[in-house]
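Here is the structure we will look at.
Worth knowing before you read on, the calculation uses all heavy atoms, side chains too, and leaves out hydrogens, waters and symmetry mates. In what follows, chains carry the letters A, B, and so on, assigned in the order in which the sequence lines appear, proteins first and then strands, with residues in each chain numbered from 1.
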Protein chains: 2
Amino acid sequence: MISSNISNEALDIFRKGLAHFITFNEAEWTEFIPHLNYKVIKKRDHFSIKDKVCNDIGFIVNGSVRYYHVKDGTEITGYFSFENEFVSSYKSFLTQQPGTGYIQALEQTGLILISRKNMDMMLSHPLFGYKMERFGRLVAEHYICCYEDRITSFITETPEERYLKMLETTPEIMQRVPQHYVANFLGITPVSLSRIRKRTLIYA
Amino acid sequence: MISSNISNEALDIFRKGLAHFITFNEAEWTEFIPHLNYKVIKKRDHFSIKDKVCNDIGFIVNGSVRYYHVKDGTEITGYFSFENEFVSSYKSFLTQQPGTGYIQALEQTGLILISRKNMDMMLSHPLFGYKMERFGRLVAEHYICCYEDRITSFITETPEERYLKMLETTPEIMQRVPQHYVANFLGITPVSLSRIRKRTLIYA
DNA sequence: CCAAAACGTTAACAAAAGATAAGAAATTAA
DNA sequence: TTAATTTCTTATCTTTTGTTAACGTTTTGG
């Protein structure tokens, strides 16, 4: 879709978020904007669901989402994304294969969307395809670093250590996310997280 | 370093490995080769160590390596890489910050190396910088997919399920890697892995 | 505003995993 | 080859975690 009626406020937030990775000049930005869409997802509605290809990568302008899988009929939450972060069922988006999990809004969430088709158009764009490739590389590398930390924590830390480190890294998480989702995120049961909190006396 | 005396055999293996991501024409390849180095690491020697910046990304022509952290004086192995795979302390290489772990050769290992400096030169190269950016993006995206699977397995699967899935994905691993390293990789103790093998009667 | 659903804590019990140590087998190095 | 080291298994004991269920509280939706 080559058109855009996204609010200037949302676009400003988006542009500031991108600045962590790359800076677009005015000509490039003008070319960029028509490749974007805006969407509001209501609380509990899904951004991406199992067995369907995730066609968009989103940038969260406001709100939050959780990623979850269903195993033996039970939901298991693996991750959260908040304002100024990207959201996508990455493997599905990148490989264009059906996803294995769900992404659901934890609250009403406003998103700037880039479809796979528009992304590919921009990556091959004569004006700024080169810069878009760099942008894509830097974003991907950023997530590699995040994922590396997360895997290392599963290998080297106990659940209790993961809980305490999470409170340092993301102090607001217990306020913003139901505790049983956080427990899943830490790789333990809700009952177990409740015990850790009682044991450490750290409820932040 | 702008020179190269890497064997044609190693270069062929490397070029075939890259073909999973991108194909270089002859002019590009001719430009590529002088940015490469070759190194053989003896068994038990280190490719990368804690508190030092990892300056290279390697492509394993032959051999294998393990990634490990040291916690409370004990080594904990988090991952392995084999022939035709890349190896690096990625976060350190990508951010140019000191690494938190070690990468050690499990056996004598031959590597084609790209230094950060040479990588950056190629990413900005007038002839094929655009293609190199795409190459870098595709490699990074590939690792995002791998990491996503690994994190999902920690969240949704039991150690026993991880063990069985690993045997499907990498059947040769128990033959090539000491079992207590594999146990760490699965996020459990060596004693626990030994029990799982006895319990399931699957020793493949 | 009320009823239903979701949430967090706690308890009791079961299952799994960690810690430690001993011993046998395999590998490595001198 | 031999001695030392590493590796894997097994056993015992302890700790942690999982499971299930009950209870009170909070949140949600009509």
Side-chain angles (χ1 to χ4, degrees), chain A residues 41-45 63-64 66 68-77 80 102 104-108 153-164 166-167 173-204, chain B residues 42-45 63-64 66 68-77 80 104-108 153-164 166-167 173-204:
Chain A
I41 303 184
K42 278 185 294 190
K43 184 171 181 172
R44 264 179 263 275
D45 279 358
S64 54
R66 71 174 178 124
Y68 69 93
H69 279 78
V70 175
K71 192 192 180 192
D72 306 330
T74 307
E75 298 180 358
I76 306 182
T77 298
F80 316 100
Y102 303 81
Q104 183 189 49
L106 286 167
E107 55 197 314
Q108 180 174 299
S153 85
F154 277 113
I155 294 288
T156 63
E157 293 169 8
T158 62
E160 185 172 315
E161 289 169 330
R162 281 203 291 286
Y163 170 65
L164 297 175
M166 180 196 69
L167 290 184
I173 199 161
M174 299 304 292
Q175 278 62 252
R176 295 196 63 179
V177 176
Q179 187 172 316
H180 62 294
Y181 293 166
V182 176
N184 294 163
F185 166 77
L186 294 170
I188 57 180
T189 61
V191 176
S192 197
L193 176 56
S194 186
R195 283 192 284 232
I196 287 171
R197 283 157 64 82
K198 186 178 185 182
R199 191 197 305 154
T200 61
L201 300 176
I202 298 178
Y203 297 91
Chain B
K42 278 185 293 190
K43 184 171 181 171
R44 265 178 262 275
D45 279 358
S64 54
R66 70 173 179 126
Y68 69 93
H69 279 77
V70 174
K71 193 192 180 192
D72 306 329
T74 307
E75 297 180 358
I76 305 180
T77 298
F80 315 100
Q104 183 189 49
L106 286 167
E107 57 197 312
Q108 179 172 302
S153 85
F154 277 113
I155 293 289
T156 63
E157 294 169 4
T158 63
E160 183 171 317
E161 288 168 331
R162 281 204 292 285
Y163 170 65
L164 296 175
M166 179 195 69
L167 290 183
I173 199 163
M174 300 304 292
Q175 278 63 251
R176 295 196 62 180
V177 176
Q179 188 171 315
H180 61 294
Y181 293 167
V182 175
N184 294 164
F185 167 77
L186 294 170
I188 57 179
T189 61
V191 176
S192 198
L193 177 55
S194 185
R195 283 192 284 233
I196 287 171
R197 285 157 63 83
K198 187 177 185 182
R199 190 158 76 214
T200 61
L201 300 178
I202 298 177
Y203 298 90

I'd like to check A:Y68 versus A:N184 (side-chain heavy atoms, cut-off strictly below 4.5 Å). Are they in contact?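 Of all side-chain heavy-atom pairs linking A:N184 with A:Y68, none is under 4.5 Å.
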For B:K43 and B:G187, find the nucleotide of DNA chain C closest to each by heavy atoms; which residue's nucleotide sits nearer the 5' end?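 Final value for this comparison: B:G187.
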Of all heavy-atom pairs between B:H180 and B:P190, which one has the smallest distance, and what is that distance? CB-CG, 3.5 Å
Where B:L167 and B:M174 come nearest, the two heavy atoms and their spacing: CD2-CG, 3.8 Å
Shoot me the first and last contacting nucleotide of DNA chain D against chain B, ordered 5' to 3', at under 4.0 angstrom to non-hydrogen atoms.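 Result: D:dT7 to D:dT12.
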Can you name the atoms? Protein N/O to nucleotides 6-13 of chain C N/O, anything below 3.5 Å, with the distance.
{"unit_1": "C:dC7", "atom_1": "OP2", "unit_2": "A:H180", "atom_2": "NE2", "d": "3.1"}
{"unit_1": "C:dG8", "atom_1": "OP1", "unit_2": "A:Q179", "atom_2": "N", "d": "2.7"}
{"unit_1": "C:dG8", "atom_1": "OP2", "unit_2": "A:Q179", "atom_2": "N", "d": "3.3"}
{"unit_1": "C:dG8", "atom_1": "OP2", "unit_2": "A:H180", "atom_2": "N", "d": "3.1"}
{"unit_1": "C:dG8", "atom_1": "OP2", "unit_2": "A:H180", "atom_2": "ND1", "d": "2.9"}
{"unit_1": "C:dT9", "atom_1": "OP2", "unit_2": "A:Q179", "atom_2": "OE1", "d": "3.3"}
{"unit_1": "C:dT9", "atom_1": "OP2", "unit_2": "A:Q179", "atom_2": "NE2", "d": "2.4"}
{"unit_1": "C:dT9", "atom_1": "OP2", "unit_2": "A:S194", "atom_2": "OG", "d": "3.2"}
{"unit_1": "C:dT9", "atom_1": "O5'", "unit_2": "A:S194", "atom_2": "OG", "d": "3.3"}

Is a donor on one side and an acceptor on the other found under 3.5 Å between the side chain of B:Y163 and the backbone of B:I202?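 Yes, because the side chain of B:Y163 sits within donor-acceptor range (under 3.5 Å) of the backbone of B:I202.
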A:Q104 (side chain) donor-acceptor with A:R66 (main chain) under 3.5 angstrom: no
Apply the test side chain to side chain contact (heavy atoms under 4.5 Å, CB included) to residues A:F185 and A:M166: give CA-CA distance (whole Å), side-chain angles for both, the deciding distance (0.1 Å), then the verdict. CA-CA 10 Å; A:F185 166 77; A:M166 180 196 69; 3.7 Å; yes
Starting from the C-alpha separation in whole Å, work towards a yes-or-no answer on side chain to side chain contact (heavy atoms under 4.5 Å, CB included) for A:T200 and A:E160. CA-CA 8 Å; A:T200 61; A:E160 185 172 315; 3.4 Å; yes
Test side chain to side chain contact (heavy atoms under 4.5 Å, CB included) applied to B:L186 and B:I196, step by step: CA-CA 12 Å; B:L186 294 170; B:I196 287 171; over 6 Å; no
